[in-house]
There are 2 protein chains.
Amino acid sequence: MDKKSIADPKGRSRPRVKIEDVAREANVSPATVSRVLNHPGIVRPELRDKVMRFITDLSYTPDSAARALKSGRMRTIGAIVPTLGLGIFAESVEALQNRLSESGYTLFIANSQYDQRRELQEMQSLIERGIDGIVLVGGSHGRELRTLVEQTGVPVITTYVSKAGGGIPAIGIDNERATREMTEFLLGLGHVRFGAIANILPSNDRSRARLDGIQRALSEAGIRLQPTQVIRADHSLAQGRKALRQLLTDHPATTAVICTTDTLAIGAMTEARKMGLSVPRAVSITGFDDVELAAQVDPPLTTISIPAAEIGRGAADYLISAIAGRPVPKSVLLPYRLVVRSSTTSPPKADRLPKRPR
Amino acid sequence: MDKKSIADPKGRSRPRVKIEDVAREANVSPATVSRVLNHPGIVRPELRDKVMRFITDLSYTPDSAARALKSGRMRTIGAIVPTLGLGIFAESVEALQNRLSESGYTLFIANSQYDQRRELQEMQSLIERGIDGIVLVGGSHGRELRTLVEQTGVPVITTYVSKAGGGIPAIGIDNERATREMTEFLLGLGHVRFGAIANILPSNDRSRARLDGIQRALSEAGIRLQPTQVIRADHSLAQGRKALRQLLTDHPATTAVICTTDTLAIGAMTEARKMGLSVPRAVSITGFDDVELAAQVDPPLTTISIPAAEIGRGAADYLISAIAGRPVPKSVLLPYRLVVRSSTTSPPKADRLPKRPR
DNA sequence: CGAGCCTCTGAAATCGTTTTCAGGATTATC
DNA sequence: GATAATCCTGAAAACGATTTCAGAGGCTCG
């Protein structure tokens, strides 16, 4: 049981250097070495330098397990994202990481694969490892997770949404209002025959809210979406294609398709072209997220731009304050932006009806 | 000093539940509770169940710091990836995570943003926190990182490449051979005027190897690429577009463009179309990675498919074995696959109108 | 029916730090 | 020159789990 020893290339093993070793060499007590490391101010400069020399000479690094055990702080934040494959999350995470490392924290990332069970599991893992704060995505989380949060008291913030259940604070945008605005924009262009493609999953309240926004705006305009005009899909290009095909098969007269995600929208555009329909002349298609690809695709996609980096930074600031015991806001609402590009235009004349009052 | 206590919303604070609390409630000793958790086999089933009930009732979770301190094992693996925004890494990471959690390990992910300094920093963070093993991407890492690995003796494996410097074991594909094969494929179609778009960064030896493969194959065919026929770009769609425009401005006669990445290739295709050039009739374009988008784009992209999931699983298996002290291979070479889709075809006959495909 | 064996449980030592507490040395004050 | 005040430093007690070492029962077997 040479636990903390290190097998070197030659097979021998050399024990980890401890604070006590440094103390012995420097002819001081372990307490002093610890003080040099943690409160350099209170130790006589001359002695401090001497100890420092021995620390570097022996290349001593404190055992973080022991340190965490005693001090109760891990200086680590965890983030649980639904998937790593989406550029949109990546941007937030990078901003989060940058801001955290400025404050001496390290970020650990886990992914839940859009699975609440998995999310809970990762959360437990993180908490067990003594994480100081946690960043989540979206507002719908299992009851168990919420009670876990309450019981342990770990600071948690959820992102990309404007409010979350269970009293968890949130930083993000108003998804519903965003799609409502998008829908109103399309109504303003004169569209009346709509379709929607949404990636509905129990754990994805963002898409849920986005879909609600669409339906709300339409019903205010006196339009009701039939069940077959709302296609549920997984979050992938292929599903976007399939969804569009089905939608246009059932409702060939559709002139505007609102997707809850750029990925779905881009898939839909590809399929529309394959079906011989020009975008936007025959169908207008919109997305949500404004991923890099959205501007590069042909035609460039009309979509909603999310302040991903700000969300990440904001989450970092929130957690740092919360950990330090400073007062924190209940939630932060950030602005989104409707980005009009070329995937949308007025409906073909034949289909155009007298404009309705908004 | 209420370190391990938790301030609840009302301001009171309640201490963390410890193994001793469980023991008291269940009327057994802490030792027994520990055994129930770590070696369930050696405790009488009846008693074990009883203790288990109290554990869940009190929702006790062992303090990992204390556990790690005593046992010297953290049961945690770290992965440092260059960026989270790429689907291709995400796939490996997910496979890695799945395989690890089967064995009771948790995966922490850090990202280096293609920056060696950052990578080293994250590595130190991970090691200080007592990580049991580390997964890297690519074979080029700073000297400091390599000595850190040697000194600490943490098991490390690098991925996506067939061999790495500094004696670090690797699991991945032969990048050079893959692009060589791709180039030979294009030569076989009759192309002679080539261009290459590569995302060259000091820390990215994969692209380096891929570019080498292209040049090797061409020079074997007696073709030499001029410096202006090799465009260096960052890894983004926009850069792919810019690169293609520049390439075709300098060398309008180019009939085949080999990109070291699907993202670049897709950007290039978009730009080609914008320039009024049909792909593949006027120019053939190829990518590398076979991301989801590659098959969905129009025309579908000819590219190299990488066994991303297998790489992840393999890395997990390697580390688990290495940690357990079992013998491990020096490196693992996995097969890639040349996927021919519709973005490539024979070059247009020199002075004739291009024949119509399909 | 008693000795011996096996199985299971508990007491206590231990992991490497941090931090409180108290005391020794040094300086300031009268 | 003695006493008080001020610094620093060291000894020792945690922190929360794991694990060794023994010992208490319950069985089997002679």
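Sequence lines set the chain letters: A, B, ... in the order given, protein chains first and strands last, and positions in each chain run from 1.
Taking atom CG of L37(A) as the reference point, atom C1' of dT17(C) lies 10 Å away to the nearest angstrom. Put simply, CD1 on I19(B) is 14 Å from P on dA11(C), counting in whole angstrom units. Atom P of nucleotide dC15(C) and atom CD of E20(A) are separated by 9 Å, given to the nearest angstrom. Counting to the nearest Å, the C1' atom of dC8(C) and the NZ atom of K50(B) are 14 Å from each other. Atom CG in L69(A) sits about 10 Å away from atom C1' in dT18(C), given to the nearest Å. We find that CG of D21(B) is positioned 9 Å from P of dG16(D), with the value rounded to whole Å. As rounded to whole Å, 8 Å separates atom C1' of dT17(C) from atom CZ of R67(A). With rounding to whole Å, D63(B) atom CG is found 6 Å from dA17(D) atom P.
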Please test R24(A) against D21(A) for salt bridge (Lys or Arg N to Asp or Glu O under 4.0 Å), starting from the C-alpha separation and ending with a verdict.
-> CA-CA 5 Å; R24(A) 189 167 356 89; D21(A) 302 328; 2.9 Å; yes

Please assess D317(A) against R99(A) for the test salt bridge (Lys or Arg N to Asp or Glu O under 4.0 Å), listing each intermediate value before the final yes or no.
-> CA-CA 8 Å; D317(A) 291 341; R99(A) 181 60 63 103; 2.8 Å; yes

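Using a 4.0 Å cut-off, no side-chain N or O of Y60(A) falls inside it from OP1 or OP2 of dG16(C). Of the side-chain N and O atoms in K18(B), one or more sit less than 4.0 angstrom from OP1 or OP2 of dG16(D). Residue H39(A) places at least one side-chain N or O under 4.0 Å from the OP1 or OP2 atom of dT19(C).
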Contact state string [nucleotides 5-12 of chain D, B base, S sugar-phosphate only, - no protein heavy atom under 4.0 Å] = ---SBBB-

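In this structure, CD on E122(A) lies 5.0 Å from CD on Q97(B), to the nearest 0.5 angstrom.
Within 6.0 Å of atom CD in E144(A), 12 or fewer heavy atoms from other residues, nucleotides or ligands are found, so the atom counts as exposed in its surroundings.
The six-membered or imidazole ring of Y160(A) lies near that of F89(A), with a centre-to-centre distance under 6.0 Å.
Take Q121(B) and apply the side chain to side chain contact (heavy atoms under 4.5 Å, CB included) test, not counting sequence neighbours, and it matches R118(B).
Side chains of L319(B) and V135(B) form a contact here, defined as non-hydrogen atoms less than 4.5 Å apart.
Mapped onto DNA chain C by nearest heavy atom, A66(B) and R48(B) fall at different nucleotides, with R48(B) at the one closer to the 5' end.
Q116(B) and H141(B) are not linked by any side-chain donor-acceptor pair at a separation below 3.5 angstrom, with hydrogens and angles left out of the test.
Contact record, I19(B) with P30(B): CD1-O, 3.6 Å, taken as the closest heavy-atom pair.
For the helix from dC1(C)-dG30(D) to dC30(C)-dG1(D), the angle separating the two terminal helix axes comes to 40°, with each axis derived from five pairs and the value rounded to 10°.
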